[in-house]
2 protein chains.
Amino acid sequence: MKRSQEQVNVEEIDLKSFDIFNGLTDAEIESLSQSLVCTSHKRGSVIYDEGSRINGSYIVAGGVLKIYKTGFDGKEQIIRFAKGGDLIGFRSIVSDELACTTARVIQDAILCYVPGDIITSFIKGNPEFAMALMRLTCRELGESNKFLTDIAQKTVRERLAEVLLLLMDTFDLDEEHTLKISLTREELANMVGTATESVIRLLSEFKADHLIELNGRKIKLLNIPKLIKIGNVYV
Amino acid sequence: MKRSQEQVNVEEIDLKSFDIFNGLTDAEIESLSQSLVCTSHKRGSVIYDEGSRINGSYIVAGGVLKIYKTGFDGKEQIIRFAKGGDLIGFRSIVSDELACTTARVIQDAILCYVPGDIITSFIKGNPEFAMALMRLTCRELGESNKFLTDIAQKTVRERLAEVLLLLMDTFDLDEEHTLKISLTREELANMVGTATESVIRLLSEFKADHLIELNGRKIKLLNIPKLIKIGNVYV
DNA sequence: CGGCCATTTGACGCCAGTCAACACCGGTGG
DNA sequence: CCACCGGTGTTGACTGGCGTCAAATGGCCG
């Protein structure tokens with residue numbers, strides 16, 4: 001049986017390459033790397049669960065996770081994705097609340113556990129870091145509010161186009177204009193906030209209109225300006 | 001002609017009564033009150049506008065404001081309300097972005113302007129304050145994500161019930177079980193994320209079911225447990 | 001091969017958005 | 001004093017976007 005979690009050598013991880021740790025002193029980086037425990041996780045494993053108590057945070061060293069909330073009828077709403085360099089779970093540490101989202105691996109990932117004490121001590125001891133973390137949170141809040149407005153006001157069609165563009169921004173396209181992220185139709189639906197069948201139907205439409213090309217879970221963006229227009233996305 | 005903005009004596013405002021300033025030292029409170037300029041604003045006045053650059057923040061000393069985003073078709077989506085003790089606009093200061101929301105007075109308000117420099121210097125100089133502000137932001141982010149999920153998954157009926165309960169939590173009921181906040185039907189719709197007519201129709205239904213009583217903009221909550229049930233609200 | 005899950009397509013129905021008409025009210029000006 | 005007006009609230013009729021249910025297909029894996 002495959003183990004879903006395996007220890008990884010910390011030495012292999014270059015902490016300084018993560019933007020969020022930019023403001024830390026060498027001494028702090030050193031102390032951080034001392035307390036880190038890095039592990040690898042297979043697709044599907046849950047890192048933390050909505051409603052559970054979190055005592056630490058994770059820095060994503062590789063792979064991709066989805067961060068989602070579960071609605072009262074069990075349907076997932078994807079809030080955002082986390083990829084290399086992202087810090088996840090610190091919201092609960094700071095606000096001293098139970099986790100309000102679930103984090104699940106969707107591309108095999110390497111995660112480094114950062115004890116909550118370390119986070120708070122850095123916040124209190126290093127204004128630079130505090131400011132960086134706060135900037136991050138405020139940006140995220142801005143994103144969340146924007147998304148809220150979109151879901152409340154736009155049609156599913158508009159939102160799907162927007163989500164495709166968002167995925168492009170977050171995960172890039174390869175040399176063939178294909179999204180580098182692979183999601184199930186259901187995951188797409190859980191981003192857009194609609195039913196799986198609706199996503200499938202609209203993707204077919206987009207394909208028929210030569211806006212995209214489909215090959216299993218691979219989505220190739222053919223006409224980005226048109227997608228921007230459909231999604232009413234202003235940059 | 002009525003002036004929509006008038007200077008108010010700073011001495012009358014007790015800064016220490018605002019939770020957010022709890023962590024500040026007496027010296028910091030002193031320096032803060034030196035730089036404060038407090039003004040009164042009538043219903044309808046805009047404090048800052050989506051897309052504008054903000055150089056400072058406001059502490060609400062009294063009254064109520066709505067914080068909203070404007071969708072691409074001009075429709076407002078109310079993100080939250082601000083009342084006495086709330087600090088508004090600091091998100092843009094911290095994240096160094098343009099304002100992503102508009103703040104408009106809906107109950108005559110007294111606002112004290114806090115220059116951005118003061119905010120950032122407090123964040124950098126006072127870990128306690130930094131932590132408090134971050135806690136606030138993180139809680140708000142949690143709220144926003146929850147609301148996002150609700151709008152994506154719940155029906156308008158459920159959301160309206162939820163919004164009524166939210167208003168109760170935020171603004172309390174008077175001795176007659178009536179919401180202490182007065183909103184137009186359109187503002188209610190812009191909270192719920194629906195059309196004005198839908199809100200009116202559903203309020204009538206709630207009234208017919210003896211869940212609420214209506215008297216102009218006054219809404220009296222008659223059966224809170226049932227509203228909780230309708231809104232699928234778990235505490 | 002059998003079973004499970006993801007994907008797709010079709011049919012159906014309803015929630016809720018839109019349009020239109022009208023009542024109501026306070027304010028304004030002739 | 002009354003007529004007019006703009007903003008707000010209410011109700012009815014209509015329709016279409018999209019959610020739900022059901023069934024067929026195909027791929028993957030034990």
Side-chain angles (χ1 to χ4, degrees), chain A residues 1-2 42-44 66 71-78 104 106 149-163 181-208 212-219 230-232, chain B residues 1-2 42-44 66 71-77 104 106 149-163 179 181-208 212-219 230-232:
Chain A
M1 168 187 160
K2 273 183 293 185
K42 290 285 175 197
R43 172 176 169 86
K66 58 177 173 182
F72 83 104
D73 59 350
K75 190 170 161 60
E76 296 177 7
Q77 176 62 44
I78 294 181
R104 185 187 290 263
I106 60 172
T149 308
D150 284 344
I151 284 205
Q153 300 190 358
K154 290 187 178 179
T155 64
V156 172
R157 183 188 188 77
E158 291 171 304
R159 268 141 56 198
L160 179 59
E162 190 171 20
V163 159
I181 182 75
S182 165
L183 299 172
T184 66
R185 300 291 191 256
E186 189 181 4
E187 281 167 339
L188 270 175
N190 292 342
M191 287 193 70
V192 174
T194 186
T196 309
E197 295 93 325
S198 296
V199 164
I200 290 171
R201 264 182 262 269
L202 285 168
L203 282 179
S204 302
E205 274 186 43
F206 286 176
K207 181 179 166 189
I212 62 174
E213 214 166 84
L214 296 172
N215 187 359
R217 292 185 189 168
K218 292 285 173 199
I219 301 177
I230 290 180
N232 283 113
Chain B
M1 168 188 159
K2 275 181 293 186
K42 290 283 174 199
R43 171 176 171 89
K66 59 177 173 181
F72 82 104
D73 58 352
K75 189 171 162 57
E76 296 178 5
Q77 176 64 43
R104 184 186 291 262
I106 60 172
T149 307
D150 284 344
I151 286 205
Q153 299 191 356
K154 289 186 178 179
T155 64
V156 172
R157 181 189 189 76
E158 291 171 303
R159 268 141 56 199
L160 178 59
E162 192 172 18
V163 160
L179 284 173
I181 182 77
S182 164
L183 299 172
T184 66
R185 301 292 191 254
E186 189 180 6
E187 282 166 338
L188 269 175
N190 292 343
M191 287 193 70
V192 175
T194 186
T196 308
E197 295 94 323
S198 296
V199 164
I200 291 172
R201 263 182 262 271
L202 285 168
L203 283 180
S204 303
E205 275 187 43
F206 285 176
K207 182 180 164 189
I212 62 174
E213 214 166 85
L214 296 173
N215 187 0
R217 291 183 189 168
K218 291 287 173 197
I219 301 177
I230 291 179
N232 283 113

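The sequence lines fix the lettering, A, B, ..., with proteins before strands; numbering per chain opens at 1. Just so it is clear, the values below take in all heavy atoms, side chains as well, and ignore hydrogens, waters and symmetry mates.
With dA16(C), dT8(C), dT20(D) as the candidates, the nucleotide lying closest to the side chain of A195(A) is dT20(D). Comparing atom distances between the R217(A) side chain and each of dT7(C), dT11(D), dT9(C) picks out dT7(C) as nearest.
For R201(B) against dG12(D), a side-chain-to-base donor-acceptor contact under 3.5 Å is present.
Taking atom CD on E205(B) and atom P on dG12(D), their separation rounds to 12 Å, with Å as the unit. E197(B) has its CD atom 12 Å from the C1' atom of dA21(C), to the nearest Å. In this structure, R157(A) atom CZ and dG16(D) atom C1' are separated by 14 Å, rounded to whole Å. We find that CD of Q153(A) is positioned 18 Å from P of dG17(D), with the value rounded to whole Å. One can place CG of D73(B) at 8 Å from P of dT18(C), the figure rounded to the nearest angstrom. A straight line from CD of E158(B) to P of dG19(D) spans 14 Å, rounded to a whole angstrom. Atom-to-atom, CG of N215(A) to P of dG27(D) comes out at 12 Å; the value is rounded to the nearest Å. The CZ atom of F206(B) sits 15 Å away from the P atom of dT10(D) (whole-angstrom rounding).
Contact check, S198(A) against dG19(D): a side-chain N or O comes under 4.0 Å of OP1 or OP2. Side-chain N/O atoms of R185(B) include one lying less than 4.0 angstrom from OP1 or OP2 on dT10(D). Between dT11(D) and S204(B), a contact under 4.0 Å exists linking OP1 or OP2 to a side-chain N or O.
Listed for the K154(B) side chain is a donor-acceptor partner under 3.5 Å among the backbone atoms of G231(B).
Where T194(A) and E186(B) each meet DNA chain D at their nearest nucleotide, the meeting point lying more 5' is that of E186(B).
Within the nucleic acid shown, T155(B) comes within 4.0 Å of sugar-phosphate atoms alone, with no base atom in reach, counting heavy atoms only.
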